[in-house]
2 protein chains.
Amino acid sequence: MYSKGVNAEERLIESTRALLWERGYVGTSPKAIQQRAGAGQGSMYHHFAGKHDLALTAIRRTAEELRAAAEARLSVPGTALGRVTAYLRRERDVLKGCPVGRLTQDPDVMADPALRAPVEETLAWLRARLAQVLEEGRAAGELDSRLDPPATAATIVAVLQGGYVLARASGTADPFDQAISGVLALLTLHAAEAARHRA
Amino acid sequence: MYSKGVNAEERLIESTRALLWERGYVGTSPKAIQQRAGAGQGSMYHHFAGKHDLALTAIRRTAEELRAAAEARLSVPGTALGRVTAYLRRERDVLKGCPVGRLTQDPDVMADPALRAPVEETLAWLRARLAQVLEEGRAAGELDSRLDPPATAATIVAVLQGGYVLARASGTADPFDQAISGVLALLTLHAAEAARHRA
DNA sequence: GTCTATAATTTGATAGAC
DNA sequence: GTCTATCAAATTATAGAC
């Protein structure tokens, strides 16, 4: 139940965002959305055409937030490895998983072009943005020149998404932290190799 | 619709396995299971106590199959990196995702101890098995001694699980292949480092 | 804007005939 | 074993009062 300090439309969007994160599109009913928002059916169907329309609004907002949060960590000054580390080590609700990546497992979301687009675009953007950071690190001689930025970026995002899966399976954040530590260790050796070549 | 060559019980299990993979537990109805299996309600409720019981049988079988498929690639003779590569590069239905990892996103599966157990055990086993292979590689001097087997194993399984997420988001197997290539490239440099230290 | 009917469909299961 | 009723509850809306 969200604060009545904001209007019903806003509460309905936030309620939907939370439920999509917890239960996905298929597992979320209009009734559950309304109850969590403290709004009736009439209110929901006044502001939105239905479950689909509401979910679209919610997904777009979630995707935008994720992108902004990532950009905030990746656009600061510092080494490429430092920025990637800051992004990977940022505080996360590990056991809840990624609110965007989660939607890729939802058949009704993936089957609908409108609902799917924000998911596809967000993860594509994230891979491209990380590849850019890695390329900067390579250009600066900080990372080994043999490192392939797009492939390594895909690996990093995959470790993140897969780390969530392992954490949820185990019921603890442990495997997530291990997976992140593991890939950062591999990247660090790459950086050390680059330093050795420069020497 | 499965071959009528096998009995209804078997067809119901396979139908459930396919639907859990495609739509998850929440997104799969008994009606859909019956239609795909070519069986009526009476048949389903004769062989199984209900959706939950049928799903439990299906999940256990899927988990066992995944484990056997992994063990087949990891237990052959060869270098650690070679066996890990064989496992990662094995043929996969990339766009369908992992039939076990997928279940971690299902709220009703994770909330039920019986349904969740096979998921938890399978992914824990996979991490431990990969850690064992990496440890063997380290002991043989094939991999860099600074490499942490459990963390690296978590990274490898995460890349796999996350690779599926990225592939589904993009609609192509491309990011999956990139993520696998990226992590293998990082591991290969580790192997090269180990060789340099031995020299 | 928000509420309370009302309703067609689907869900998940039971009962009992064959 | 398999089938066809039957059923209570949930789902996803629409209609119309306030």
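In what follows, every chain begins at residue 1, and chains take the letters A, B, ... in the order their sequences are listed.
A salt bridge links A:Arg17 to A:Glu14: one of the charged nitrogens lies within less than 4.0 Å of a carboxylate oxygen. Taking the charged nitrogens against the carboxylate oxygens, B:Arg138 and B:Glu135 do have a contact shorter than 4.0 Å, which makes a salt bridge.
Rounded to whole Å, the distance from NZ on A:Lys31 to C1' on C:dT11 is 13 Å. At whole-Å resolution of the value, CG in B:Asp53 and P in C:dG12 are 15 Å apart. The separation between A:His46 atom NE2 and C:dT4 atom P is 17 Å, rounded to whole Å. The distance between atom OH of A:Tyr45 and atom P of D:dA17, rounded to the nearest whole Å, is 20 Å. Straight-line distance from the CZ atom of A:Phe48 to the C1' atom of D:dT14: 18 Å, rounded to whole Å. The interatomic distance linking A:Gln34 (CD) with C:dG1 (C1') rounds to 14 Å, in whole Å. Spacing between atom CE of B:Met44 and atom C1' of D:dC3 amounts to 15 Å, rounded to whole angstrom units. In this structure, B:Gln35 places its CD atom 15 Å from C1' of D:dC3, rounding to the nearest Å.
Using a 4.0 Å cut-off, some side-chain N or O of B:Ser29 falls inside it from OP1 or OP2 of C:dT11. Contact annotation: A:His47 side-chain N/O to C:dT2 OP1/OP2 distance is under 4.0 Å.
Residue-level contact check: B:Gly40 touches the backbone only, with heavy atoms under 4.0 Å from sugar-phosphate atoms and none from bases.
Across D:dT12, D:dC3, C:dG12, the shortest atom-to-atom separation from the side chain of B:Lys51 is found for C:dG12. Listed nucleotides: C:dT4, D:dG1, C:dT14. Nearest to the side chain of A:Gln41: C:dT4.
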Checking A:Leu134 against A:Ile156 for the side chain to side chain contact (heavy atoms under 4.5 Å, CB included) test, could you report, in this order, the C-alpha distance in whole Å, the side-chain angles of both residues, the deciding distance, and whether it holds? CA-CA 11 Å; A:Leu134 294 172; A:Ile156 291 169; 4.1 Å; yes

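Transitive grouping of hydrophobic side chains (ILVMFWY, heavy atoms separated by less than 4.5 Å) keeps B:Leu115 and B:Val26 in distinct clusters.
Where B:Glu9 and A:Pro30 each meet DNA chain D at their nearest nucleotide, the meeting point lying more 5' is that of B:Glu9.
A donor atom on one side chain and an acceptor atom on the other are not found under 3.5 Å apart for A:Arg102 and A:Tyr164.
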